[in-house]
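Reading through the structure tokens given below for one structure.
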Amino acid sequence: YGTVTGVQTCALPISTCTNSTGGIVIQQPVGSNYEYNLNGGSYQSTPSFNNLSSGNYTTTVRDKNTGCVSPASPFTIKPAPIIPSAPSINITQPTCSTPSGIISITQVAGLTYSIDGNNYQNSNIFSGLNPGNYSVTVKNTAGCISSVTSATINAVPAIPTAPAISNITQQIGRAHV
């Protein structure tokens, strides 16, 4: 009778920021004479197991002709990374003397910051901003992006025009003798 030797496995995409499940594909042995098992459950004809929650698992392979079962191969699907909370912001609006705005995001260790959802930087302060709407997000080291906090930089306040002077009157002094 034959034996089934070690099982080679390959983890499918592990849990991501938006998908909390993962999977496994058994790479060897494969073929129509093998059946595949996950955690001692029922055998199946396909070498993949999908939509698995985070946790520890074992797989085995059984030869349908001989009934021999491989040693168990362990694997782990890691938990999904945590998505950061929407950022808290402070806006400094343009003034007559400072014609641009500033968005300051509350700083949190391990995050990068964006005001357009595409370009991230280590600094939590964005200055020299033109009037307009900004979509403020933060991203963690796992690549998970927060929901958007909207920010608006107002137009520069209008500076009053210089006063126009008309009808100038003067008092002419009288001399006293």
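Heavy-atom basis, side chains included; hydrogens, waters and symmetry copies ignored. Residue numbers run from 1 in the order of the sequence given.
For residues 51-73, the ring pair (Phe, Tyr, Trp, His ring centres under 6.0 Å) pairs, not counting sequence neighbours, are Tyr57-Phe75. The salt bridge (charged side-chain N to carboxylate O under 4.0 Å, His left out) pairs that include a residue from residues 29-54 are Glu35-Arg62, where partners are two or more places apart or lie in different chains. Sorted by first then second residue, the salt bridge (charged side-chain N to carboxylate O under 4.0 Å, His left out) pairs that include residues 98-113, not counting sequence neighbours, number zero.
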Can you give me every donor-acceptor pair (side chain of residues 94-102, partner residue at least two apart or in another chain, under 3.5 Å) with its distance?
| residue | atom | partner | partner atom | Å |
| --- | --- | --- | --- | --- |
| Thr95 | OG1 | Ser97 | N | 3.3 |
| Thr95 | OG1 | Ser97 | OG | 3.4 |
| Thr95 | OG1 | Thr98 | N | 2.9 |

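Applying the under-4.5 Å side-chain rule to Ile, Leu, Val, Met, Phe, Trp and Tyr, the cluster around Val156 consists of that residue alone. Taking Ile, Leu, Val, Met, Phe, Trp and Tyr as members and joining any whose side-chain heavy atoms lie under 4.5 Å apart, directly or through other members, Ile83 forms no hydrophobic cluster with any other residue. In the hydrophobic clustering, where aliphatic and aromatic side chains (Ile, Leu, Val, Met, Phe, Trp, Tyr) are joined below 4.5 Å either directly or transitively, Tyr120 groups with Ile145.
Across Ser70 and Thr60, no two heavy atoms sit closer than the pair OG-CA, 3.5 Å.
Remark: Tyr134 pairs with no residue by the ring pair (Phe, Tyr, Trp, His ring centres under 6.0 Å) rule, at least two apart or across chains. Remark: Asn65 pairs with no residue by the side-chain hydrogen bond (donor to acceptor under 3.5 Å, both in side chains) rule, at least two apart or across chains. With sequence neighbours excluded, no residue forms a side-chain hydrogen bond (donor to acceptor under 3.5 Å, both in side chains) with Asn51. For Thr46, the side-chain hydrogen bond (donor to acceptor under 3.5 Å, both in side chains) partners are Gln44, not counting sequence neighbours. In this structure, Asn130 has no side-chain hydrogen bond (donor to acceptor under 3.5 Å, both in side chains) partners at least two apart in sequence or on a different chain.
Looking only at distances, no side-chain donor or acceptor of Asn37 sits under 3.5 Å from a matching main-chain atom of Thr59.
Atoms CD1 and OG1, from Ile105 and Thr137 in turn, are 7.5 Å apart once rounded to the nearest 0.5 Å.
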